[in-house]
Amino acid sequence: MNEELLVEVAENANTYTPLGPADERIVNDRYVLWMGRGDEPGWNVAQRFRLEAAEVEEVRAELHGLLRTRGRTGLTWEVGTHATPGDLTERLLELGLVDDEPTPLAVGMVLTEPPAAPPAEVEVRRAETPEERLASERIAAIAFGGTVPTDPPPPSDDPNNVVYLAFVDGKAVARASGSFGEHAVSLFGGSTLLEARGHGAY
């Protein structure tokens, strides 16, 4: 197992995960730009920055131009541990970018050992029915401060990107997306309703 590669996948997940039917990815030596199904910043992510200090403002304008040509307006910059220059975050803030809300921290972790079994009272399965897909979207919206939907998203026939729900006493209380890539399975959007946190310390 190449642990350096796994760290790279964890740090720049959208660079390596399989694209969904509506996704687009631009890869070059300086950055990776992933564009998903929506216009919100979370659906447009730039990462894996390998820039010279003098290039930062130029790349910012370049990324914004790429989004505008596709009718998009929101962008998230994910600055990983190995991004260059080392003060990239500070330089971006000086250019007018702002920290994400409610917290400017996104965590990437590498799991190299099988996880412990979940608590007996927690059931995890794929979100497949319209009701389950709607529950997943609602949990994510509550956790990340989005608009809570009233209609379920359409079913997906993408086998590489799967949504999971966790149930306690038959109620959906947590969700996450699993993206099955060449090197690893990446977990995205893990979120748990406040009242269900702490079950079995899992």
Side-chain angles (χ1 to χ4, degrees), residues 1-38 40-67 70 72 74-95 97-101 103-116 140 143-144 156 158-164 174-192 202:
M1 180 181 298
N2 186 333
E3 293 198 11
E4 288 186 8
L5 175 58
L6 290 180
V7 170
E8 167 68 10
V9 172
E11 187 173 324
N12 302 296
N14 288 329
T15 298
Y16 298 95
T17 51
L19 294 174
D23 299 348
E24 180 182 2
R25 182 163 48 217
I26 296 173
V27 180
N28 59 45
D29 291 339
R30 301 197 293 181
Y31 60 81
V32 173
L33 173 62
W34 172 85
M35 291 165 282
R37 67 186 189 210
E40 295 84 356
W43 288 111
N44 301 287
V45 178
Q47 58 183 213
R48 210 218 64 208
F49 296 104
R50 302 294 184 266
L51 310 178
E52 299 294 333
E55 296 178 309
V56 175
E57 192 164 359
E58 171 192 339
V59 167
R60 175 181 181 241
E62 183 175 316
L63 288 167
H64 289 184
L66 288 168
L67 291 174
R70 291 159 174 80
R72 296 173 181 242
L75 176 64
T76 295
W77 292 62
E78 292 186 350
V79 180
T81 304
H82 295 92
T84 60
D87 62 346
L88 179 57
T89 298
E90 290 75 14
R91 289 176 179 271
L92 293 173
L93 292 172
E94 289 174 2
L95 289 174
L97 276 71
V98 295
D99 284 331
D100 195 11
E101 296 293 342
T103 170
L105 176 65
V107 177
M109 297 180 290
V110 176
L111 181 66
T112 58
E113 299 293 334
F144 294 107
S156 171
D158 180 1
N160 295 315
N161 294 286
V162 180
V163 177
Y164 295 93
R175 59 88 61 202
S177 301
S179 186
F180 292 77
E182 177 184 356
H183 307 292
V185 179
S186 296
L187 184 73
F188 291 102
S191 42
T192 303
Y202 181 69

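Residue V185 comes nearest to F180 through the heavy atom pair CG2-CD2, 3.5 Å, listed as atom of the first residue, atom of the second, then distance. The nearest pair of heavy atoms linking D158 to N161 is OD2-ND2, 2.6 Å. Smallest separation of non-hydrogen atoms from A176 and L187: CB-CD1, 3.3 Å. Across T15 and R48, no two heavy atoms sit closer than the pair OG1-CB, 4.1 Å. Heavy-atom minimum distance, A53 versus R91: CB-NH2, 3.4 Å. The shortest non-hydrogen separation linking G42 to T76 is N-OG1, 3.8 Å.
Put simply, the side chain of T89 does not reach to within 4.5 Å of the side chain of W77, judged on heavy atoms. With a 4.5 Å cut-off on side-chain heavy atoms, V32 and N12 do not count as touching. Counting heavy atoms from C-beta on, the side chains of E62 and N28 come closer than 4.5 Å.
Between the R72 side chain and the G38 main chain, a donor and an acceptor come within less than 3.5 Å of each other. Put simply, the side chain of E11 gets close to the backbone of T81: a donor and an acceptor are under 3.5 Å apart.
By the side chain to side chain contact (heavy atoms under 4.5 Å, CB included) test, F188 pairs with A13, N14, T17, S177, S179, S186, sequence neighbours left out.
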What's the verdict on side chain to side chain contact (heavy atoms under 4.5 Å, CB included) for L67 and M35, showing C-alpha distance, side-chain angles and the deciding distance?
-> CA-CA 9 Å; L67 291 174; M35 291 165 282; 3.9 Å; yes
Could you give me the CA-CA distance, side-chain angles and deciding distance for R60 and L97, then say whether side chain to side chain contact (heavy atoms under 4.5 Å, CB included) is met?
-> CA-CA 10 Å; R60 175 181 181 241; L97 276 71; 3.3 Å; yes
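The pair E58-R30 meets the salt-bridge criterion, with a side-chain N (NZ, NE, NH1 or NH2) lying under 4.0 Å from an Asp/Glu carboxylate O.
Using a 30° and 60° split on the angle between ring planes, H183 and Y16 fall in the perpendicular class, above 60°.
A distance of 6.0 Å separates OH of Y31 from CD1 of I26, quoted to the nearest 0.5 Å.
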